[in-house]
Amino acid sequence: MEEPKHHGKRWMDKFLDSTLLKIPESPISELARRAAAYKDVISLGRGEPDFNLPDFVKEAMIKAIIEDKSHYVATGTIESLNDAIAKKLRGENKIPVEANDVVVGAGSSPVLQAIIGGITNPGEEIILTDPTYLMYAPMIRSLNAECRFVPVNEDNNFAPTCEDIKKQVTKKTKAIMINTPANPMGVVYDKKHLEEIAKAAVDEGLLIISDEIYEKIVYEGEKHVSIASLNGMSDYVITVNGFSKSYAMTGLRVGYAAGPTELMKYFFNFNYFGHICPAVPSLYAALECMTNQKSKDFVAMQIREYDKRRKFIVSRLNEIGFTTRMPKGAFYAFSNVSGLGKRGKDTVKLAHEILDRTHVITTPGSAFGPHGEGYIRFSYATKYEDIEEAMGRIENFLGKNPPVI
Ligand SMILES: Cc1ncc(COP(=O)(O)O)c(C=O)c1O
């Protein structure tokens, strides 16, 4: 065969979905890639628990492997896990669902994709808060749907009002996606905030996708409330959750969603066609988290540790000049950098400067939406001593002393 001719430089681009071409690299991966050039890097960037799996979960997984639980599960899950999840949602979250209303996938991310892909035709819209978790918008766009943004602000606990939401609704709007406890803002929506969102959804006939992945990571007696538990709301809400954060098993990839039966079966298909089932030993690890009493202690231990770091980082950040409210949930401090003068005007530049001068990775607020500009997110899912060291380096960088690197 003759060697095929090249068709110009952009030859490969013609195969790509034009929407994908427009989605930029995530600022988190960009910073992480650049950080690889430095030694002694401390990451306050990633939303990744630094705890390891407890032994009893590891043992459950090893047992599954030894017992040859390494084949496809045709139902996309193991039934006992769906039973346990449905029981938890009914008991802890007060959401009336049955085991067959639960879709399990390889992390909450692919399950979210199945939901978005399952409810939107090309060009249809999902409402997001601005700022919000930075994966939602690219995920929505990569599925050829569109985003509508509701600006939210610190003074209203970063929660949208019913009126704010209604202003963004068009004929093409299908749903509103919320996240509480929230990444990156660290806020927890109370019943009043949720009622505003619920009212907008009911008045406008929208679905609510409620990402509750940080539900267990709350402080000072704060209570997580599931919007699906509000009076009459369960038909409007798809609740999304997973094991990555509460049980520190980001790499095992198990997440789930639950909601109205009529919708869930289509999301199940979308999910199944995409990846059949998660890694089966991971499903057994997740089942162990749900059924072994020891997992309560494991979760409580993590919250105690996060709480110590939270208090420390917030107090240090405020000393250094990053105005930071005490987060009530998740493991992020979302600092207002307007006090840093000129430096606080462009947070991408500031995050790169912090990286280059102190070897500390942070996340610029603008990565979470235009209204995130003016903020820097510091993850405290990192060892206490590393947070101490990072704060010292940043203080030196901002102060008169040269950085100690
Ligand atoms: C709000 C939110 N939702 C979902 C995820 C992804 O979770 P999973 O590991 O279950 O895909 C993250 C991870 O950072 C997150 O912050």
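Start at 1 and go down the list; that is how both ligands and their atoms are numbered.
Here the options are Phe322, Phe331, Phe334, the test is ring pair (Phe, Tyr, Trp, His ring centres under 6.0 Å), and the partner is Phe378; only Phe322 passes.
Between Ile126 and Ile119 there is a side-chain heavy-atom pair separated by less than 4.5 Å.
In Ser244, the part holding a heavy atom less than 4.0 Å from any atom of ligand 1 is the side chain. Neither the backbone nor the side chain of Met135 comes within 4.0 Å of ligand 1, counting heavy atoms alone. The residue Phe243 has no part lying near ligand 1, judged by heavy-atom distances below 4.0 Å.
Considering backbone and side-chain N/O of Thr250, none are found under 3.5 Å from N/O of ligand 1. Backbone and side-chain nitrogen or oxygen atoms of Ser109 are examined, and one is located within less than 3.5 angstrom of a nitrogen or oxygen of ligand 1. Close N/O approach between Tyr214 and ligand 1 is found [any backbone or side-chain N/O within under 3.5 Å].
Scanning the protein heavy atoms around atom 5 (C) of ligand 1, the nearest turns out to be Tyr133 OH, 3.4 Å.
Residue-ligand proximity: Glu48 is placed with every non-hydrogen atom at 4.0 Å or more from ligand 1.
Checked by atom type and distance alone, the side chain of Asn292 never pairs as donor or acceptor with a backbone atom of Glu288 at under 3.5 Å.
Geometrically, Lys63 does not engage Tyr284 in a cation-pi contact, judged by NZ or CZ lying under 6.0 Å from the ring centre and within 45° of the ring axis.
Taking the six-membered ring for Trp and thresholds of 30 and 60 degrees, Tyr219 and Tyr380 have ring planes inclined between 30 and 60 degrees apart.
For ligand 1, the atoms closer than 4.0 angstrom to any heavy atom of Lys245 are 12 (C), 13 (C), 14 (O).
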